[in-house]
2 protein chains.
Amino acid sequence: MANSHPRTPPLAPRKRPRQRRSAATVETILDGAARILEAGGLEAFNTNAVAARAGVSVGSLYQYFPGKDAVMAALVRRDALGFAAQVEAAIAPRPGESWRAAVDRLLDVAVAHQLDSPRLARILDFEEARLPLDAETAQAEAAIQACIAGVLLRAGDDLAGLDIDQAAGDLVHIARALTDAAGRGEGASSEDLKARVRRAVLGYLGVAANMTAT
Amino acid sequence: MANSHPRTPPLAPRKRPRQRRSAATVETILDGAARILEAGGLEAFNTNAVAARAGVSVGSLYQYFPGKDAVMAALVRRDALGFAAQVEAAIAPRPGESWRAAVDRLLDVAVAHQLDSPRLARILDFEEARLPLDAETAQAEAAIQACIAGVLLRAGDDLAGLDIDQAAGDLVHIARALTDAAGRGEGASSEDLKARVRRAVLGYLGVAANMTAT
DNA sequence: GCCATATCAGAGCAAAAGCTCACATTTCTG
DNA sequence: CAGAAATGTGAGCTTTTGCTCTGATATGGC
């Protein structure tokens, strides 16, 4: 245990345990999982299928994830973090613009995100309610809510007497519900969908829906 | 193939195959399935558990249902039919009332239905999207939409230039999303929830939300 | 009572799914 | 290059689960 030569640095030399931990493999597995879910739904989601689709062995999968649910949870987390980043980018205020313009960008992001992989998005929403979400995921969700609340605050007197935080949560749910339904084939074009979500959102907020923002 | 004696009724005499088909047993199984889903979610939903919870044997279960998904589908159908009946009762117009009063009754029914067994309701919504729905279920869903569209039609000029059918669908999704979220513990009281759903619904329709109906 | 028919029970089977482990391969260090 | 550490592999073990099948029990008409 004791090192014999004073020349060697005292405590750190052998400690650096090679934590290579190929992040690429983790991403590969998550990609495989996402493709399985999008193609076959929850039924098709099993560890053998995920590993095969990702091009790795089950052994490798279990090296990075303690179990099936952990893969699901990691997918949820990745999705939440990515969406939160998009939302944060979208709400950055442009000089002289109305708060409605920011809402419009939020709608763009939300609709695009949900329509990108509709089935996957729906399943992740469902599973997010079932799994105990880790701190990072919870924080991402909170950040999304905070972003929306921030935009609503810009509205000022336009939204007098409204519980901003509750409204932010409700708006997320409303947007998700309408885009989910559209992703299941009920809706029409992306533009039409966005118009309807805007109608629902601005309607909830109590401001007229038809008229473009500045 | 030819029958020898003209005296015996030609084809029907031995045919009356005792189709007792204990409807009570079917209901019992569905009740068990509902309780399993409400208590343990989709994970806990397997045929052995359902049969045990219902107090029947697996053998009996498979006598009435061809497989696991059929139980799920029957549950979805029962729920849809029940909800459709409630909706139909709710929209019956009272003399001299505003169309908003009917909307209010619809909200009562919808919120109560979803909050009665929140987890079950959410799972049924999810599974309804996955399973191929039989004619009866599809008809019930269509009836619900038609009821809502009927109420919206009473609004007349108040809703000029709105796609009534699409609006009916959107409103269903919005109401479900908000009540689902509330059922997961996010929301507060039933009254508060109803007020928020009304805000969303009337907001979508483009009429002011605060003021009671006649 | 007696037979035919309908209904129910539950042991157990075959397939699927979650997961492990002994070994192979790659990568890093000296 | 040699040895060690990290990483990857996949056959196969264990448990779960959807379902079947043989036999037992209840019911109805004669």
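Order of the sequence lines sets the chain letters (A, B, ...), proteins ahead of strands, with each chain counted from 1. Since this is a predicted model, take the numbers as computed values, not measurements.
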Would you kindly give the OH-to-P distance between A:Y64 and C:dG18, to the nearest whole Å?
-> 21 Å
Return a table of donor-acceptor pairs under 3.5 angstrom between the side chains of residues 170-178 of chain B and protein atoms on other chains or two or more places apart.
| from | atom 1 | to | atom 2 | distance (Å) |
| --- | --- | --- | --- | --- |
| B:D170 | OD1 | A:R196 | NH2 | 2.8 |
| B:D170 | OD2 | A:R196 | NE | 2.8 |
| B:D170 | OD2 | B:Y204 | OH | 2.5 |
| B:H173 | NE2 | A:E186 | OE1 | 3.1 |

Without placing hydrogens or testing angles, list every side-chain donor-acceptor pair under 3.5 Å for residues 42-54 of chain A, not counting sequence neighbours.
| from | atom 1 | to | atom 2 | distance (Å) |
| --- | --- | --- | --- | --- |
| A:E43 | OE2 | B:R130 | NH1 | 3.3 |
| A:N46 | OD1 | A:N48 | N | 3.3 |
| A:N46 | OD1 | A:A49 | N | 2.8 |

By side-chain hydrogen bond (donor to acceptor under 3.5 Å, both in side chains), B:K194 pairs with (sequence neighbours left out) B:D108
In a table with atom names and distances, give each donor-acceptor pair under 3.5 Å that connects a side chain of residues 133-150 of chain B to protein atoms at least two apart or in another chain.
| from | atom 1 | to | atom 2 | distance (Å) |
| --- | --- | --- | --- | --- |
| B:D134 | OD1 | B:T137 | OG1 | 2.5 |
| B:D134 | OD2 | B:R77 | NH1 | 3.3 |

Does the side chain of A:T25 get closer than 4.0 angstrom to OP1 or OP2 of D:dG8 through an N or O atom?
-> yes
A:R78: partners by salt bridge (charged side-chain N to carboxylate O under 4.0 Å, His left out), with sequence neighbours left out | A:E27, A:D31
A correct 5'-to-3' footprint of nucleotides 9-21 of chain D, with B, S and - meaning base, sugar-phosphate only and no protein heavy atom under 4.0 Å, is BBB-----SBBB-
